[in-house]
Trainee: 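Sending over a structure as C-alpha cells; questions will come in a sec.
All values below were derived from every heavy atom in this structure, side-chain atoms included, with hydrogens, water molecules and symmetry-related copies excluded. Numbers restart at 1 for each chain; the letters A, B, ... are given by sequence-line order, proteins then strands.
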Protein chains: 2
Amino acid sequence: MKHSNVEHEKLRNTVIGTSVKRTDLLDKVTGAAQFTADIPLPNLLYGRIKRSNVAHALIKRIDTSRALALPGVKAVLTHENVPRVLHAGSPHPRSASCTKDQYILDNKVRYWGDGVAAVAATTEEIAEEALELIDVEYEELPGLFTVEEAMHPDAPLIHDREPGGNLVLPPVTFARGDIDKGFAEADIIIEGEYEGGRPTPAYMEPNAISCQWDANGNLTVWISTQTSFMVRGIMAEVLGLPLHKVRVLVDHMGGGFGAKQDLYQGEFLCALLAKETRRPVRVEYTREETFLAGRSRHPVKTWLKQGFKKDGTITARQATMVFNSGAYGSHGPGVTNVGTSGLLSLYRCDNIHLEGKCVYTNSPIAGAYRGFGVVQAYYALDIQMDEAAVKLGLDPAEIRLKNAVREGDIAPSEHPVIGHGLEDCLTTGVKLVDWQALRKRPRDTTGPIRKGWGIGCEMHGSSAYPGIKEQGNAIVKMNEDGSAVLLTGTAGLGTGAHTALAQIVAEELGIKFEDVSVVHGDTDIVPWDIGAFASHTTFMGGRVSQMAAAEVKRQLLERAAKILETEPETLEVSLGVISTPDGRTLTVREAVAPTLGVPAPQFVGSATYHPTKSYSFAAHFVEVSVDTETGFVTVDQVVPVHEIGKVIHPVAAAGQIEGGIQQGIGHTLYEDYQIDLKTGRSLNANFVDYKMPLSMDMPPIHTKILETAPDPGGPFGAKGVGEDPIVAIGPAIANAIYDAIGVRFRHYPIKPEEVLAALESQTA
Amino acid sequence: MKHSNVEHEKLRNTVIGTSVKRTDLLDKVTGAAQFTADIPLPNLLYGRIKRSNVAHALIKRIDTSRALALPGVKAVLTHENVPRVLHAGSPHPRSASCTKDQYILDNKVRYWGDGVAAVAATTEEIAEEALELIDVEYEELPGLFTVEEAMHPDAPLIHDREPGGNLVLPPVTFARGDIDKGFAEADIIIEGEYEGGRPTPAYMEPNAISCQWDANGNLTVWISTQTSFMVRGIMAEVLGLPLHKVRVLVDHMGGGFGAKQDLYQGEFLCALLAKETRRPVRVEYTREETFLAGRSRHPVKTWLKQGFKKDGTITARQATMVFNSGAYGSHGPGVTNVGTSGLLSLYRCDNIHLEGKCVYTNSPIAGAYRGFGVVQAYYALDIQMDEAAVKLGLDPAEIRLKNAVREGDIAPSEHPVIGHGLEDCLTTGVKLVDWQALRKRPRDTTGPIRKGWGIGCEMHGSSAYPGIKEQGNAIVKMNEDGSAVLLTGTAGLGTGAHTALAQIVAEELGIKFEDVSVVHGDTDIVPWDIGAFASHTTFMGGRVSQMAAAEVKRQLLERAAKILETEPETLEVSLGVISTPDGRTLTVREAVAPTLGVPAPQFVGSATYHPTKSYSFAAHFVEVSVDTETGFVTVDQVVPVHEIGKVIHPVAAAGQIEGGIQQGIGHTLYEDYQIDLKTGRSLNANFVDYKMPLSMDMPPIHTKILETAPDPGGPFGAKGVGEDPIVAIGPAIANAIYDAIGVRFRHYPIKPEEVLAALESQTA
C-alpha cells in the first residue's frame with residue numbers, strides 16, 4: 001500500500017528542520033579553518049597600497065624611484081604602468097554600463113584613501129616602508145562631501161560620464177495610481193524628512209587576496225569573496241584573459257554582508273604585482289583599509305509624505321530618496337532601485353509616486369550591505385506609520401495590520417505576494433508580548449529611566465530578481481558507498497549555508513546528513529553561480545541542489561527497482577534505506593554497490609534554476625530604556641517574529657536573525673563611519689572609534705519563526721532570512737524611544753547627545 | 001546543403017591528431033609544477049619507517065621508549081598500537097579476497113626491508129635518528145628466496161592463508177582444443193625454459209604522501225598515485241571511515257608505471273601518525289625505499305612447448321609460468337592471469353594448455369608494472385617463434401605473419417580481434433627496414449663487433465577487462481564564455497593524458513583546444529575513476545569524456561538552434577563557430593551568452609562508460625651490435641611499428657613508445673634488482689648499482705604509427721599505447737643477439753659476462 005501524501009511528507013522530513021551540527025563548526029572552533037590570508041604560498045610577496053591623503057585631486061607627478069631602490073621591493077605599480085581599463089567594481093549592477101567608473105589606478109583621486117600606487121615586497125614591513133618612499137604631487141580640486149554640494153549646478157564633476165552632473169544614474173521613478181487623488185481623499189497628511197548615516201559592514205575578516213600565475217599564463221586567485229564567478233569574470237575582462245584561465249578559490253570566510261561582492265583596487269593590483277614579479281603576492285587589507293577602501297551602506301536623505309484616512313488606511317504615498325554613493329558607483333544603481341521601490345510595498349497603498357537619486361561625492365564608497373536600500377526606505381516608512389498612529393489615536397499594531405501587505409498584493413518585484421506572512425508576524429508578536437497589556441501598563445514618568453516599546457516591520461525578497469536575472473546551478477554525484485557530494489558555486493560567508501544545502505540534498509536523496517559533503521569555492525570545478533547575496537542562497541541554491549539531487553534519486557531508484565524487481569515509482573527512500581510497498585528493503589549503499597561484478601554507473605545529476613523571487617516577512621517588537629540623565633538608549637529585549645517558509649536549520653536561521661538585530665542595533669544607535677566635512681579625511685576608521693554593539697551589549701532576543709507561507713519556488717518551501725532582521729529592528733527602536741520619552745527621531749544613528757538635547761528642548 | 005560524411009569527418013578533426021602543446025609543459029620545464037612532496041603544509045611533521053634487517057622473522061619484542069624520549073619525536077607506531085586490519089595493498093585484484101595479506105604493521109616480517117615501526121618528528125633528521133633508537137628483537141625463520149624453495153612441500157609458510165602452501169592463489173589454467181592431438185600433428189616440437197629477472201619501474205618521483213585530519217575527522221590525503229579512488233576506498237576501509245570523509249588529492253606525478261596503483265605501508269602509517277599527532281605528516285620514501293618497499297616486475301620461470309608444421313603453422317602450445325610474488329600478493333593474481341592467458345594469442349593456435357602459478361617468497365614485493373605479465377609471456381613466446389623459424393629454415397618475419405592474430409580471432413579477453421593490426425605492423429616494418437635485403441646482406445664474422453637484426457611482436461589490451469569490470473566517468477561543463485571544463489578522475493602519470501582528454505573534448509564540442517581545461521586529482525570533486533593503468537586512459541577516459549562532451553554539445557546546439565531559428569541536427573560546430581547549412585554562423589560564446597537578459601543554463605553533461613577491451617599491436621625491428629671482446633650489447637636502432645587506432649596526440653604517442661623502448665632495453669640488457677640469496681638482503685637498491693639506460697644510452701628510434709584498425713570502443717577510434725612498446729622490444733633484442741652471434745638467450749637481463757661466457761663455450 002502506498003503511503004498517503006501526508007505520511008510521505010512526514011517520512012521525508014528527517015533531515016531538514018533539525019539543527020544538525022554545522023559542517024564548518026569544528027574547524028572554526030579549533031582554529032583549523034583556513035581563511036584566505038592563511039593559505040600558505042611558498043615564495044610569497046606582500047602587496048600594499050599607497051592611499052591618497054587628499055579627497056579630490058589630479059596626480060601631477062608620481063615618483064617611485066626611492067621605493068624601487070629599497071632592498072626587498074620587487075615591484076611598484078602606479079597609474080603610469082597598469083592597464084587603463086574602465087571597469088565596474090560592482091559585479092552586477094542593474095545597468096551594466098552604469099557604474100563602469102573605476103580604473104585599476106587613475107591619475108585622479110576621488111576620495112581620501114583612494115589608491116594611487118601599489119608595492120610588492122618580501123615582507124610587509126618593507127612594503128609599508130616603500131609606500132612612504134613614493135612621492136606624489138597632487139593638484140587639488142574642490143571636495144564635494146554632501147549630496148547637496150555634489151548636486152549643485154556649479155559643482156565640479158567627480159566623474160566625466162553619463163548621465164552628467166554628479167548623478168550615478170538617471171533618477172529612477174516608480175508610480176502607481178494617482179497621488180493627487182489619493183492625497184485629496186486623505187483625512188490627514190504626514191510629511192517628514194528621514195536620514196540615514198554611514199554604517200559599514202565591519203566583517204571580522206579583512207579583505208584578502210592572493211594571486212599566482214603559472215607558466216601557461218593561468219591566474220589562480222585566492223580571495224575572500226561572496227561572488228567568485230563574478231570575480232572570475234571581472235578579473236578576466238580587466239586583465240584580458242579568457243575565463244578558464246582565471247581560477248578563483250574561496251574557502252572559509254569571516255563575513256561579507258554584501259561588501260564582499262565588490263572588487264576593490266587590491267584585487268587587480270595583486271594580480272598585476274604577481275604577474276610582474278612572477279611570484280605569488282598577497283594583499284591583505286588592514287582594518288583601517290576595510291573602512292577607507294571598503295563599502296559602507298549608502299547614507300540617505302528620504303523625504304516621505306503619506307495621506308491617511310481616520311481609520312488608518314493609507315490613501316497616497318510620495319517619496320524622494322537621495323543616496324550618497326561616495327566616490328564610485330558600486331551598487332548605487334541597485335540600491336537606488338531596490339530601496340526606492342521598496343516603498344511600493346510593506347504597507348498597501350493604491351496611489352504612489354517615488355523618486356530615487358544616487359549621487360557621487362568625494363566620500364567613502366557606498367555599496368551593497370545587508371538590507372540593500374530597504375533598511376533606509378523602511379526606516380522612514382515605519383517611523384511615519386508610528387507618527388500616523390499617534391496622530392490618529394490608533395494602536396501602532398492595528399494601523400500596521402490594517403495596511404499590511406497580503407496575499408495577492410503586487411510586490412515591488414511585480415509578483416503577487418504569497419500568503420499572509422506580515423499579518424501572521426504582527427498578530428503572533430502582539431500575542432507573544434501581550435501588546436494590549438503593554439499599551440495599558442502604568443508608566444514611570446518621574447525616574448531617570450524611561451521605558452518604551454516599539455514595532456518595526458519588514459518584507460524582503462529572496463533573490464535579486466527582477467533587477468538581476470538570477471540563475472542557480474548544482475551538480476550532485478553519488479559515491480560508490482551511497483554517500484553524495486554536492487558541487488555548488490554558492491559561497492559560505494560564515495552563515496552555515498553549506499550545511500543547509502547538505503541538509504536539503506540529504507533530505508531529497510533520502511540519505512543521512514552525515515553522508516553528504518559539499519564542494520564549493522573553486523570556479524574551475526563547481527557550476528556557475530551568481531554569488532551569495534540577496535538572501536537567495538538557501539532559496540535558490542537550495543532549490544537547485546534539491547533539483548540535482550532529485551535527478552540522482554531518479555537514477556538511484558531506477559537501479560534499485562531493477563534489483564528489487566519492481567517499479568521505481570513504488571519505492572520510498574529515507575535515511576539511506578530504500579523500501580518497497582510490501583516491506584522489502586535495500587540500503588542505498590547496496591543499491592550503488594557493484595552487482596554481479598558490474599559497478600553501478602556514476603550517478604550524477606545537474607540542474608539549472610531561474611528563480612523569480614519569494615518574500616519573507618518580519619515584525620520586531622522592541623523594548624528600550626532611555627536614560628534621561630545620559631541620553632543613552634539601551635535595548636532591553638527584542639521579540640522578532642519572522643515568517644520564512646519552511647525552516648531548514650532552526651539554529652542557523654535564528655543565528656541570522658540575532659546577527660541582523662545586532663547589526664541593526666548598531667546602525668540605529670551607534671555606528672556611523674565619519675569623515676571631516678572640510679577635507680574628507682576619515683575620522684574613525686578603526687574599531688576603537690567606530691562603536692559596534694558587542695555580545696555583552698546585546699539584549700535578550702526571543703526569536704519566533706513562523707512557517708505559515710512557504711514558497712513553492714524554494715526548497716521544501718523555504719525562503720530567505722539573511723536580510724530581514726537588519727531592517728525591522730531600526731524603526732522599532734526609534735518608535736520605542738518615542739514611546740519612552742515622546743521624542744520622535746527620524747534619523748540614525750540616534751546618539752546619546754541628541755537624545756539629551758531633545759529631552760532638554762522638550763522641557764525647555 | 002549538408003556536408004557529406006567525409007567532409008564532415010574532415011571538418012571535425014581540427015584538434016585531435018595534432019601535437020598541441022601539453023597543458024603541463026610549461027609548469028614542468030619552469031619547475032613550477034608541484035609534486036606531492038612540494039605541497040606546503042604548515043606545522044608539518046616528517047614520518048619515517050623503520051625497516052627490518054632480516055628477511056623472515058617474528059618480532060619478539062619492540063622497544064620504542066628511547067625513540068619517544070628523543071626531543072622532536074611526536075609519535076611512534078608499531079604493530080602493538082596500530083589497528084590490526086588485513087588489507088590488500090593492491091587495490092583491484094582479480095579476486096578481492098585473494099591478496100588480503102597485509103597488515104599496516106605485523107608482528108612478523110616477511111622480507112628484508114619490511115616495515116616494523118614508524119616515527120613522526122619535527123625534522124627528517126630527528127625522525128631518522130629516532131628509527132635507530134627503536135630496538136627490535138627478532139626470532140628468525142628460514143628465508144625462502146626462490147620459487148623452488150617456497151614450493152617445497154616442507155617449506156615454512158610465509159602467510160597462513162588460502163590456498164595453502166606458499167601459493168598466492170590456486171594455479172590458473174587456460175585451455176583450448178586438444179594439445180595431444182596438436183602435438184601429434186606437429187612436424188617439429190620446440191620446448192624451452194625462459195626466465196625473467198626483477199626490473200623495477202624506477203619512477204623519478206619517489207612515493208610521497210601527506211595526511212591531515214580536520215576537526216570533523218575528515219582525512220585529506222595528498223599522494224602520488226595512479227588510483228586516487230582506490231586509495232580513498234582502501235584508506236577508508238582500513239581506517240574505518242565512510243568514503244566521503246577521505247579526500248584524496250593528486251596533481252603532478254613523476255611516473256608510476258603500475259607500481260603506484262598499490263598502497264604500501266607508508267600511506268596508512270602517515271594517516272595514523274597524523275591522527276595521533278593532530279598535525280599534518282608527510283612520508284616521502286627515499287630512493288632506497290622505492291626499491292626495498294616498492295613493487296618490481298614479477299620474476300618468472302616459463303616452460304613453453306610448441307608444435308609446428310613444416311610451413312611454420314603452430315599446431316599446439318603448452319606452457320607453465322611460475323611468478324615470484326615476493327613477500328606479499330599485490331597484483332600477483334592479475335599478473336598471473338593476464339600473463340599466462342597472454343599465451344592464448346599473438347600467434348594463432350587451436351590447441352593450447354597453459355598453467356600459471358604465483359608463489360610467495362621472502363623477496364621484494366612484485367606488483368603491477370607496465371606490461372603486467374605480458375612482458376614475461378611474450379618474451380618466451382617470441383623467442384621460441386625465432387627458434388622455430390631457425391629450425392624450420394623460415395624467415396622470422398614470415399613465420400610471424402603466417403601465425404599472426406587477425407580479425408575475428410578470439411583474443412585472451414574472449415573478444416574477437418578487430419582488424420589486422422599485427423599483420424599491418426609486420427608488413428610495414430618489413431618494408432621500412434627492407435627486411436629481405438637485410439636477410440641477404442653480407443655479414444662481418446671476423447671483427448670484434450657482430451651485428452644482428454631481430455623482430456619482436458606484441459598485442460596489448462586497452463582496459464583490464466575482463467579481469468576487472470571497468471568503468472569510466474566524466475563530467476563536462478561549459479563556462480559562460482563558451483570555454484569548457486572536463487572533470488575527470490583519470491590520473492596524469494606524466495604521460496600527457498589530460499592533454500589528450502582536453503583534445504577529445506575540444507574536438508567533440510567543436511571548440512578550440514585552448515578553450516578546454518581539465519580538472520582532476522580530487523576525489524571529492526571529480527567523478528569516480530578506476531585509476532590510470534591497463535593502457536586505458538585515452539581509450540576509456542577519452543571515450544567517456546567524449547560522451548559527456550557530446551551531451552553538452554546537444555544542449556549547446558539546442559539553444560543555438562533556437563537563436564538561429566533552425567533545427568539542432570542541421571547545425572555544425574567547429575573551432576568555436578556554429579554554422580547552419582545556409583551559411584549563417586553564431587559563435588559558441590554567443591550561443592551561451594545571456595540572451596534577452598536571460599543567462600544560458602549551465603550546460604553540463606555527464607557520462608558513464610563500461611568498456612570491454614580493444615587491442616593495439618606492435619612489431620619491433622631491432623638492430624644490435626655485440627662486442628665479442630667485452631660481451632657488451634648495444635642497440636643500434638629500433639624501428640617500432642605500432643597500430644593504435646586513431647592517434648590523438650602524435651608526439652605524446654611517440655613519447656610513450658620511446659619511453660617503453662627505453663625501459664624495455666633496460667630490463668632486457670641491464671636492469672635487475674637483486675638480493676642476496678642466503679639472507680634476502682637487498683644488493684643494489686640505488687641508481688648507482690641498479691643500471692638503467694640513460695638518454696645518452698638510447699639508440700635512434702624510427703617510430704611508425706599506423707591507424708589501420710580503429711576501435712569503435714575508443715574516442716574517435718583511438719586505442720591504448722601505454723604498455724605495448726615495453727613488450728616487443730625484449731624478444732626483438734634477444735633475437736637480434738642470436739642473429740648477430742648465433743647464441744640463443746632465453747632470459748633477461750642478458751648480461752655482458754653471460755654473452756662472453758656463451759661466446760667462449762661456442763668457440764670451445
Trainee: For chain B, find which of Asn218(A), Asn473(A), Leu243(A) contributes the most heavy-atom pairs closer than 4.5 angstrom.
Mentor: Leu243(A)

Trainee: Above 12 or not: heavy atoms from other molecules or residues under 6.0 Å from CD of Gln34(B)?
Mentor: yes

Trainee: Taking the side chain as every heavy atom from C-beta outward, state whether Met540(A) and Ile530(A) have any pair of such atoms under 4.5 Å apart.
Mentor: yes

Trainee: Measure Val518(A) against the heavy atoms of chain B and call it side chain, backbone, both or neither at under 4.5 Å.
Mentor: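 For Val518(A), no heavy atom lies under 4.5 Å from chain B.
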
Trainee: What are the two closest non-hydrogen atoms of Ser228(A) and Gly489(A), and how far apart are they?
Mentor: OG-O, 4.3 Å

Trainee: Can you sort out the partners of His244(B) under ring-ring contact (aromatic ring centres under 6.0 Å, His included), two or more places apart, ordered by chain and number?
Mentor: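 For His244(B) there are no ring-ring contact (aromatic ring centres under 6.0 Å, His included) partners, ignoring immediate neighbours.
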
Trainee: Only pairs of heavy atoms separated by less than 4.5 Å count here; which of Lys245(A), Arg232(A), Arg247(A), Glu514(A) has the most with chain B?
Mentor: Arg232(A)

Trainee: If you count heavy-atom pairs under 4.5 Å between each of Val519(A), Asp522(A), Asn479(A) and chain B, which one has the most?
Mentor: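 Result: the option with the highest number of such pairs is Asn479(A).
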
Trainee: Heavy-atom distances under 4.5 Å only: say whether Leu487(B) touches chain A with side chain, backbone, both or neither.
Mentor: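 Looking at Leu487(B), just its side chain touches chain A.
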
Trainee: Shortest non-hydrogen contact from Asn216(A) to Lys21(B)?
Mentor: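 Between these two residues, the closest heavy atoms are OD1-CE, 4.5 Å.
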
Trainee: Where does Val604(A) contact chain B at under 4.5 Å (heavy atoms): side chain, backbone, both or neither?
Mentor: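 For Val604(A), heavy atoms of backbone and side chain both lie under 4.5 Å from chain B.
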
Trainee: Is it true that, when you exclude Arg278(A) itself, more than 12 heavy atoms of the residues, nucleotides or ligands shown sit nearer than 6.0 Å to its CZ?
Mentor: no

Trainee: Identify which part of Asp515(A) has an atom lying under 4.5 Å from any heavy atom of chain B, answering side chain, backbone, both or neither.
Mentor: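 When you check distances to chain B, atoms from both the backbone and side chain of Asp515(A) fall under 4.5 Å.
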
Trainee: Determine which residues belonging to residues 24-33 of chain B lie within contact range of chain A, meaning some heavy atom pair is under 4.5 Å apart, and list them by number or answer 'none'.
Mentor: Leu26(B), Asp27(B), Thr30(B)

Trainee: Residues in ring-ring contact (aromatic ring centres under 6.0 Å, His included) with Phe513(B), at least two apart?
Mentor: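 Checked Phe513(B) against ring-ring contact (aromatic ring centres under 6.0 Å, His included); zero matches.
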
Trainee: Output the residues of residues 35-42 of chain B for which the shortest heavy-atom distance to chain A is under 4.5 Å, in residue-number order; output 'none' if no such residue exists.
Mentor: Pro40(B), Pro42(B)

Trainee: If you look at every heavy atom in Gln503(B) and Val15(B), which pair is closest and at what distance?
Mentor: NE2-O, 3.1 Å

Trainee: Could you check whether any side-chain heavy atom of Glu470(A) comes within less than 4.5 Å of a side-chain heavy atom of Pro611(A), counting everything from C-beta outward?
Mentor: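 Of all side-chain heavy-atom pairs linking Pro611(A) with Glu470(A), at least one is under 4.5 Å.
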
Trainee: Highest number of heavy-atom pairs under 4.5 Å with chain B: which of Asp214(A), Val526(A), Ile525(A)?
Mentor: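 Ranked by contacts with chain B, first place is Ile525(A).
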
Trainee: Mind checking whether Gln471(B) and Thr608(B) have side chains closer than 4.5 Å, heavy atoms only?
Mentor: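 They are in side-chain contact.
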
Trainee: At a heavy-atom distance under 4.5 Å, which candidate from Ala484(B), Pro527(B), Ser517(B) has the highest pair count against chain A?
Mentor: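 Among the listed options, the one with the most contacts to chain A is Pro527(B).
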
Trainee: With side chains defined as the heavy atoms from C-beta onward, is the minimum distance between Met478(A) and Leu509(A) less than 4.5 Å?
Mentor: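 Yes - at least one pair of side-chain heavy atoms lies under 4.5 Å apart.
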
Trainee: Taking every heavy-atom pair that is under 4.5 Å apart, which of Val516(A), Val485(A), Asp524(A) has the most such pairs with chain B?
Mentor: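 Of the candidates given, the most pairs with chain B belong to Asp524(A).
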
Trainee: Can you give me the closest heavy-atom contact between His536(A) and Gly531(A), atom names plus distance?
Mentor: NE2-O, 2.6 Å

Trainee: Pick from Ile475(A), Thr523(A), Asp481(A): which one has the most heavy-atom pairs with chain B under 4.5 Å?
Mentor: Asp481(A)

Trainee: Is there a side-chain contact between His520(B) and Leu501(B) in this structure, where contact means two heavy atoms from C-beta onward sitting under 4.5 Å apart?
Mentor: no

Trainee: What is the distance from atom CD of Glu551(B) to atom CG of Leu556(B), rounded to the nearest 0.5 Å?
Mentor: 11.0 Å

Trainee: Taking C-beta and beyond as the side chain, do Leu219(A) and Cys211(A) meet within less than 4.5 Å on heavy atoms?
Mentor: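 Of all side-chain heavy-atom pairs linking Cys211(A) with Leu219(A), at least one is under 4.5 Å.
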
